[in-house]
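Here's the structure, in structure tokens; my notes come after.
Below, chain A is the first sequence line, B the second, and so on; all start at residue 1. Just so it is clear, the values below take in all heavy atoms, side chains as well, and ignore hydrogens, waters and symmetry mates.
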Amino acid sequence: MKYLYYPGCSLKSTGRAYEESMLAVFGALDIPLPELHDWNCCGATAYMAISELKAFALCARNFSLAAEQAKGDPDVSLVVPCAACYLGLNKAYRYMHEHPDLKGTIDKALQSAGLGLADGVRVRHPLDVIVNDIGLDKISSKVTSSLAGMKVACYYGCQIIRPYADFDDQQNPTTMNRIMHALGAKTLDWPLKTRCCGGSLTGTIEDVGTRLSYILLREAKLRGADVIVTACPLCQFNLECYQTTIGRMYHDRVDIPVVYFTQLMGMAMGLDAKALGLQRLISPRPVIKEAVPVQGGQHVGA
Amino acid sequence: MSDTAHKTDGFQPRIVAFFCNWCTYTAADLAGTARMTYAPNVRVVRVMCSGRLDPQFIMEAFRNGADGVLIGGCHPGDCHYQAGNYKALRRYILLKRVMKEMGIEEGRFRLEWIAASEGDKVQRVINEMTETIRKLGPLHLEPVNIPATAHVQVGTDKAAVAARGGVS
Amino acid sequence: MSVPENRTNGTPKIGVYICHCGINIANKVNIKETVDFAAKLPYVTVAKEYKFMCSDPGQELIQQDIRAGLIDRVVVASCSPLMHEATFRNATGEGGANPFMFQMANIREHVSWVTFDKDAATVKAKALIAAAVHRVSLHRPLEQTRVPVHPDVLVVGGGIAGIHASLTLANAGKKVYLVEREPTIGGHMAKFDKTFPTLDCSACILTPKMSAVRAHPNITLWTYSEVVGVEGFVGNFKVKVRRKPRYVDEDLCVGCLECIEACIFKKGKFPDEFNQGLSQRKPIYIPFPQATPLVAVIDPETCAHFKTGKCKKPCADACQPGAVKFDQTEEIKEVAVGSVILATGFKAFDAARVGRYGYGKYPNIYTSLEIERLVNAAGPTGGELKMADGRKPKSVGIVHCVGSRDNNTNAYCSRVCCMYSLKLAHLIKERTEAEVYNFYIDMRTPGKGYEEFYERLLKENVHFIRGRVAEINDWAMIDEEKGHLIIRVEDTLIGRVRRVPVDMVVLSVGLEAQPDADAVRRLFNISCSHEGWFLERHPKLAPVSTFTEGIFLAGACQGPKDIPDCVAQAGAAAAEALALIDKGSVELEPNTAFVNEEVCAGCHTCLNVCPYGAISYIKEINKARVNGALCKGCGTCVAACPSGALQQNLFTDEQIMNEIKGVMNHV
Amino acid sequence: MKEWEGGHKVQYESELDPHFALEIASIPGGDKLFSCIQCGTCSGMCPLSHNMDFTPRQVIAMIRAGFKDEVLKSHTTWLCASCYNCTVECPREIKITDIMYAVKRIAVRKKIYPKRFPTPVLAGEFFGLVENHGRNSETWLLMRLFFRTNPLKMFKQARLGWQLWRRGRLSLKVDSIERTHELKSILKTIEKEHMIALRNNSAAGKEAHV
Amino acid sequence: MSKPKVAFYWCASCGGCEEAVVDLNEDILGVVQAVDIVFWPVALDFKRQDVEAMDDGSITVSFINGAIRSSEQYEMVELLRRKSKIVIAFGSCAHLGGIPGLANTFDRAAMLKEAYLESPSVTSGNTTIPQTEITVPEGKLTLPELWDTVKSLDQTIKVDYYLPGCPPPANLIKEAVTTILEGRLPEPGTILAPDIALCEDCPRRETKPDKLIIEQFKRPSQYIIDPDQCILAQGFLCLGSVTRKGCGAVCIEGNMPCTGCMGPTSRVKDFGAKAMSAIASLIDADDEEKITKIIDGMADPVGTFYRYSLPASIIHRSYQKPDGGGAHNGA
């Protein structure tokens, strides 16, 4: 089994902390996770609106690169933390397997670029890899400062779970909850864990998008969550960065830390706060402070 | 409805199907009752059980001009006669090997378990198989008794191939 | 090369009759062209067409031609042989030829009904006719054997369908074995409060029939029992029934309940199956007051004696007749019957499978079957509908189509849910005066008095929202929603998404095939539809028959059905069984295998191939021999016989080979 | 329009496009569209249906009936956040999200979309960035988007931008892959194939699935 | 009255059939006395021209062994057919195509390539493939044309009777010769051997279990055959149940399984197909994987089931697509 890390654009900018914390966690677990060399954009949801076929072809190039980089290891997986990339790549994988005509066209396109079609490269989310490949036992064994006492709202968002993921239930996923339990944290039972955060609408039609984020933030706070844990760069961005705007819009205090699940993992495993990108968070971090005293690092807060 | 069911031009494959009375033949009747249109290329020969199928029948069908042969029987465990379909499966697996070695493409010979309720599967399998064989093209088995002259005059391999294209 | 034996007696004279089937065939197949084609086939002396070959004048055509000596073999090109083979064999026989000098070409189900293009249909019809002509030219006269039909009947399942079928047969003087898996008969109907649309009390109309079963001298009632083995064929089945030990002697128990009173468990502790787990029972119990037989049963899974061995068994002491018998063991009964009626019923859909409806997650969400018990005066709450906290619900949402009309669960409509939802809406409104909301996709009320009942409910001020409920959860958007269950749905008639807060939710679960339906169908050698329902022989013309002669279906095991339909079908199944019994004998298809002893080399290949042990090896002459009475006619041995010494009547190698030649050549 | 007139009118059959449904159904698995029973599960599951001028269920009905203009002009597809709730729960397995994309693609091609909605602009900008560089650069994407739709917004977001910048979450670098030539020839071939498909399908009255 | 004229000819064969004639031992003398041998290239110095010079139908009976796979063989058997009253296909190769018939899984080009280009050779660099015609300084040289497909005798000329076996058993030859010489002619097309399977004559017939099943296929080269037990029951592929008797079960006597040289009974059209049907029926497995595993233990199914009868089988030869792409060349 060989894993290759596919970052996508977000993990190189707004989601940098996700990248940093995930690589730190995998490093601490001794799982090599080299980056896919010369990866290109997954096509994302926006691309689908222009040309689905082009989006598939873009994904297929990544598969070819992965097969190339894996040097013949047939069991190669792209580890894709971004939900949109995960969906886009997975969709391409599925459609190529379900529609031979499509596969033929893509093969032609790849050939024109001197690449070979690699339809065996699997697309995996780090949640899936951590729970199903690495295992919760190993995670628990690495915990040095338990998150006991912390109540987290696991928020999965849409596209990791729907419609293609087969590693968890599509309406009531539990993978992230199980990880949090392994870290010692309590998880919130709430019905909104896969409800949309607004996605890219927050950037385009702000009032519509932020309303969805507001519903999530409010319900998490109402139910007494200390922190919202996410597994998607856009979810994290929407839920964290618009808190002030939302507060103003709805006259409601919705301040609650929003972190990546890998950051909490890193904290519980005693990794350096900076290595986990904690300093890149905007929202206040009382919870995080409580769990792990921030070592050095510049003070950041709003 | 599939396009296969409507195609009237070009090569029309001829497929002989051996269906067991209790499951697949009944399923084909059901497809009819439900008016499921499918490719007109299959001609069904009814046997009581897929276990009745002697490999000679399959070969005879090919010899008589079939481009494909389909066997339909009850699902494993469902045989009306307890185990006839298992015998069919054993013969099929062995025969398939021999057919392959004899150069007959795999798509031309197929066994499917189709239960009495699976009219839609009859439709799907027949359409699929017709399409597959349409792509493979006609099966021209070499006639057994070629007019000997065809051989005597053979000069090149190309001609030999042409000679094989004759009709038995 | 080998020379085929000439098995035809004289030159065959074949008559080909092509049926229009009204326009069913004639619309797709060019009849005239087909008749001309048939007339030119080898040995064909007569080729005719007719509007309906299966009609009397159609059959008469065949008979006249045979009588006139024009033909001695018959091909009818019409519908499926499964439909009319018997009809035309009879006609052939009536005309004076052997009935087996007949072959059918299926140009309706296999041609006209499934082919788009008219020319292609004509070509295919010709091929099938040519095949039949080739085949029939090698047919030989055959004789059918008759075997007597055993007059007793086995009925499997003691719900309303099984009860009704048993009583009908028993009243006609036939002996019936009624086998029920549970400790009592009654099935689902015994659990219902009222029945739609008349709202008469379910128990009131069912229990007299249950008692009648118990009392009827012609019915042997075996509850707590299961069929474990079936052998034989129509008219002659041998059935094995496992009687599970109930640890209470049925003949001695008087149903006085003293044993239950005496049990070391002072109160019920284990989920009561009859009440859907909404109440508790003791390890020794009687499912409900009208249970039939009214005999206690001990559940060894929960009984202290069986669990620990340390119980003092006060139940046994309390029983005056001494009916409690801890040493009872399982018993296997073997009976001979001539026919079987399967009435094994259905299973309610498991609502937890639709996660977004929150069943099992939130309190106050019930399935319809649970509500039946909760509104039932004999149920766990004495008929009072209360919420978990004891309050009466002020609003109740009834969600239709749970586990029905959904490709993710069951694609079919369960047929009864609309009506029972209306019934429950009425009962809930009546008992609690709550606001009742029905969420439906389409309202289906096809039945006598059903639409009228719907109208009655509309007038009773029940809310009807057309839309499939998307989700049910407990997060409030506004204060008014707090503390309620929120039903989110699009009101499709208005085109707006609504959030309806309610205190209680009823999930109208659909009907599913029994989880062991597949095992049962294998036992009885019948088929299931892909949803798991037992498959009838013909959806319209043989709705209670199966593809296995002598096995009939009644009730919801064949598909979702309400009570009137179950009863009607049970009566029909009983009538089919009676018809078979009164006929007295059945004719067996003469398609058995036979050994040509002259050429059998005694190689043993066939012996183990036969699943019925019908072939034996006669050592003295070194030949195999087929026992015609045991042979079922599958032909597997014939295909296996390495030297062609075995052949099958109606399906000889030559006949099949000729059919292949016919189907491929000539077109 | 007078107050009492309402927005509705009699819909003449001749104004509808009978091919529209077929066009949409030509996406992989799209023929399930015709199995719709109008149950409304999609709309009920949709977190945004209350913002839409037509609920997703209505859009499906309109596609089937041939209300092409109305569908293409509708806000509904542009409000779809691709959360796939409808697709997963549809009792007839209709890939509603994919259908929304199919509608979007036709709308973009025909340049019919609500002017106030920047979603198609975002898609277009994104497309351009990826086509040229193989990667998207979030910062540039957003800046260009704001610039093209609502430059004022850029100032409104300045505070957030500053916060992100300070924390190293904004990068002004335009990221690019090394082997852009590969990408170019892949996309070129796809375009060529698409043209061939278009030509083959135009006879059948369908638009190609792209 | 002159003695009946008899001809012997061999086509694609190993020569074993000729041996068989000689194997008649003293009896051959009787035959030789009773007839006039007019043509027998193996033993006597007659030439083709001698036959050509005879009147049509003047040979009483021609015994032809070997399969037909070249233009020369075809010319010769056609010639003999014209000159003979009776033609007897002698031995498995003439009867069913025989072992040379297994070449029908290849085509000519593949065979020539294998024989002349790819097989190891002491003279390197030789890339000559024989041609039917070549002009050398001395003039034009010709060779008979090798056919693509091997034929049984009756696929090229009309055959009156068949003497099956590889080679035909002496007693059957004797009986056939006597019958014909005495003018007791059987029905045309008759196979001159009993029409019943070999199991009947098998010395191990009593040891056959009622429950005949095969859990594993064994090869005689890997396992020792119990000389006292039914060979098939031991898992060795004995085809005695499919094969016509008449050979006296000599192979079984020699503790080797029957390979089917006598061909099928008259009720079976395709020896290999029927053998597969019978043998597969005995496989002791019901799921695809297990069945496949057991069948994997069977080496070369075509060669096994069609060892003597591929050209006479229903399929006749491996299928070659009209475009020339032979999917069958590997074996």
Between [atom1] on residue [X] and [atom2] on residue [Y], distance to nearest 0.5 Å:
X         : Y         : atom1 : atom2 : result
Ile295(E) : Ile93(B)  : CD1   : CD1   : 5.5 Å
Glu101(B) : Ile315(E) : CD    : CD1   : 13.5 Å
Arg97(B)  : Asp300(E) : CZ    : CG    : 11.5 Å

Do the side chains of [Y] and [X] get nearer than 4.5 Å, heavy atoms only?
X         : Y         : value
Asp54(B)  : Lys269(E) : no
Glu105(B) : Tyr319(E) : yes
Phe305(E) : Leu94(B)  : yes
Arg317(E) : Val144(B) : no
Asn104(E) : Met102(B) : no
Asp286(E) : Leu89(B)  : no
Met59(B)  : Ser313(E) : no
Ile314(E) : Phe62(B)  : no

Worksheet item: Among side-chain atoms of Thr149(E) and Glu142(B), is any donor-acceptor pair under 3.5 angstrom?
Response: yes
Discussion item. Can you see whether Arg91(B) engages Ser281(E) through a side-chain donor-acceptor pair at a distance of less than 3.5 angstrom?
Written reply: yes
Given heavy-atom pairs under 4.5 angstrom as the criterion, report whether the side chain, backbone, both or neither of [X] touches chain B.
X         : answer
Leu282(E) : backbone
Ala278(E) : neither
Glu288(E) : both

Fill in: chain E contact via Ile58(B) - which portion, at a heavy-atom distance below 4.5 Å
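Answer is neither: Ile58(B) stays 4.5 Å or more from chain E.
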Worksheet item: When you check the gap from the basic side-chain N to the acidic O, do Arg63(B) and Asp270(E) get nearer than 4.0 Å?
Response: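 Salt bridge: no.
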Worksheet entry | Residue pair Asp287(E), Tyr86(B): steps toward the side chain to side chain contact (heavy atoms under 4.5 Å, CB included) verdict | CA-CA 8 Å; Asp287(E) 71 87; Tyr86(B) 294 134; over 6 Å; no
Got a sec: does the [atom1] of [X] have more than 12 other heavy atoms crowding it under 6.0 Å?
X         : atom1 : result
Lys218(E) : NZ    : yes
Glu289(E) : CD    : no
Tyr116(E) : OH    : no

Worksheet item: Between Leu136(B), Leu139(B), Leu95(B), which has the largest tally of heavy atom pairs under 4.5 Å with chain E?
Response: Leu139(B)
Discussion item. If you apply the rule side chain to side chain contact (heavy atoms under 4.5 Å, CB included), what do you find for Val268(E) with Gln56(B), and how did you get there?
Written reply: CA-CA 9 Å; Val268(E) 173; Gln56(B) 293 186 97; 3.8 Å; yes
Fill in: Greatest number of heavy atom pairs closer than 4.5 Å to chain B - which of Pro311(E), Pro301(E), Ala280(E)
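That would be Ala280(E).
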